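Only one structure is covered here, and it is reproduced in the block below.
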Amino acid sequence: MYHYSDFDRDFLAERNAQFRAQVERRLDGSLTEDEFKPLRLMNGVYLQLHAYMLRVAIPYGTLSSDQMRVLAELAERWDKGYGHFTTRQNIQYNWPKLTDIPDMLDRLSDVGLHAIQTSGNTIRNVTADHFAGAAGDEVADPRPVAELLRQWSTDHPEFQFLPRKFKIAVTGSVNDRAVTRAHDIGLLLKEQDGVVGVEVIIGGGLGRTPMIGKTVREFLPLDDLLPYCEAIVSVYNRLGRRDNKYKARIKITVHENGIDTMRDLIEARFAEVKPLFSGVDRQMLAGIEAQFARPDFVANTPAPILDPVLQSFVDTNVTAHRRDDHAIVTISIKKHGETPGDATTAQMNLMADLADAHAYGELRISHEQNVILPHVRRDALPELFAALKSAGLGTANVGLASDIIACPGMDYCALATARSIPVAQGIATRIDELKIEHEVGHLKIKISGCINACGHHHVGHIGILGLDRAGVENYQITLGGDHTQTTVIGERAGPGFAYDQVVPAIERLIFAYLDVRQSADETFIDTFRRLGAAPFKAALYPQEKQDAA
Amino acid sequence: MSRNRPFTPKVLTANLLRDGDVVYYTESDRWSLNLADAEVLEDEAHAQMRLVEADDPAVVVGVYLADVIRTDSGIAPAHFREDFRAAGPTNYDHGKAHGQRPGSEV
Ligand code: SF4
């Protein structure tokens, strides 16, 4: 785990004091709302539909148990007893009072957390593979690189007013769990001849115009990472369109200029900026790497699992660890019928305690809105599962149809065009009633409440996008998306569905898949790839099939 | 053409500066947590005048006019977004509008 230096602590204290003074000046009338709004946004404070919202960054999704307890404390003291884990490894508090937020930020800074650059046209929270440091398939831990990028991008004087927001994701595994190809910069750590370097991808993004990122450098030496990223953002800062908000992301810059031109410009800028990086960045990275040393793993000999309920949990929620006697446990924050990503104070405290008891005090947050214990002793799995189950956290559905990503949608978000949360709740409840999700197997359903696509619907095997059609909620369904290293943008199935027709439509899709798959081993997405959209469209629009007959 | 179109009744709404609550402007120039207390504005000129009067930056943020419709039981938002603002989120019964005394002014 990275521990804040005196510099980090002083910086945060100063920023928090500044923001406290800015809030006071807003309240006493010295600042207008127009003056105050950009200041609050720079500190992660939004005004949503019902209240202010504070978005706190969880850098590269890594938390210590102490940090998790403070997140729980914030929910209890200043919110309504829960927090919402987001698709960018942040946590959002939906109900803080403006007058309380400076105190919340001070409390966060006690454990090295902050809300800086969780909004605005800046480089946002750097995200990473949520199995970082633990995954059996990992070439290198992406977190030191992500921490270096966090330090470089935080308060970077040149990059506070970019054409648009800028998101970076890092993975160190060939199995991409960080959706790197849908980020402004995606970084893939990989090994060549025993040396770790970086494949650099730019111009990915979802939203109104979804684009899959393109490789700009196949293998960048790790030593060049910061100057190269500086060059990319610098070129984007100059070329990015400021005349049209919808064309301002780097994906459009890459699309309009072409990847080859972008590469030439980036390489030229890289040659200019590289000498300015005196090597301090490399020393910093070495220092950061030392802080991400793995825990002193305790060897153990687990007993065979005899309990079928535990076995079912292990089958879905446990992933291979780099050590055979340890496991990565994903705690589903998707109990059927509950709000995806919402954890109560009691649940957050329990997860922190369980991390201390069984997982060396470490937790991760995934972009899929679940919580991960990355290093669990296998002999502790029965005890851990029992404790999780008693707190409503034992749902064995990770990677299944009810493990749905859903953005806050119109229940909270000021930008929304329709609700997402109750759609997710409705689908998960129905799937639970049907008792089919283990039979259905791996299926990614992702829901966004507007075209901004925070719910990643474009890359869901089934994507759902909520829209406002003439004053009524209407939901477009996309099929065949893929968020992994083989990223695919899903294709629109056809006309949208009314709010109360979405759950039946998804049910028809799932049964159509069960009908046409070759075997239980052929997943939904594999079946879709084999057969194309036709059988699924026929299930979605049975009336049209009849009309055509 | 648009001059002849009947004016859709409106209410003034905003969020409170200090705690973000959704509020509605009343005939007595106060802000209420309840839509039922809102002054219903029936013509454009009056609505624009009240918009200026209501916009006190020391109390509220983002004042705007929202369409309402008249129902047997009073007024209701014309658009579903305003429904959620008035009643709170649908996933929990804990919107700030819930549990407030009718007519509670702030
Ligand atoms: S996708 Fe739209 S509705 Fe959902 S959180 Fe993002 S901006 Fe809000």
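We name chains A, B, ... by the order of the sequence lines, and we start the count at 1 in each one. Values below: all heavy atoms of this structure, side chains included; hydrogens, waters and symmetry mates excluded. Remember, it's a predicted structure, so these values are computed and weren't measured experimentally.
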Heavy-atom contact with chain B under 4.5 Å, split by part of [X]:
X: A:Ala414; value: both
X: A:Thr417; value: backbone
X: A:Leu47; value: side chain
X: A:Glu473; value: both
X: A:Val472; value: backbone

ask   = Any chance the rings of B:Trp31 and B:Tyr25 have centres within less than 6.0 Å?
value = yes

key: Check: B:Tyr92 ring centroid to A:Tyr82 ring centroid under 6.0 Å   =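 Yes; A:Tyr82 has its ring centre under 6.0 Å from that of B:Tyr92.
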
Cation-aromatic face contact A:Arg40/A:Tyr46, 6.0 Å, 45 degrees = no

Residue, of A:Ile101, A:Leu27, A:Asn94, A:Asp28, that accumulates the most heavy atom pairs under 4.5 Å with chain B =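 Heavy-atom pair counts peak at A:Leu27.
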
ask   = Between A:Gln425, A:Glu33, A:Arg419, which residue shows the highest count of heavy-atom pairs closer than 4.5 Å to chain B?
value = A:Arg419

query = Any side-chain heavy-atom pair from B:Val59 and B:Leu16 closer than 4.5 angstrom?
reply = yes

request  = Assess whether side chain to side chain contact (heavy atoms under 4.5 Å, CB included) is satisfied between A:Thr99 and B:Asp19, documenting all intermediate values.
outcome  = CA-CA 7 Å; A:Thr99 43; B:Asp19 62 10; 5.8 Å; no

query = Only one of A:Ile333, A:Asp403, A:Ile404, A:Thr87 forms a side chain to side chain contact (heavy atoms under 4.5 Å, CB included) with A:Gln369, so which one is it?
reply = A:Thr87

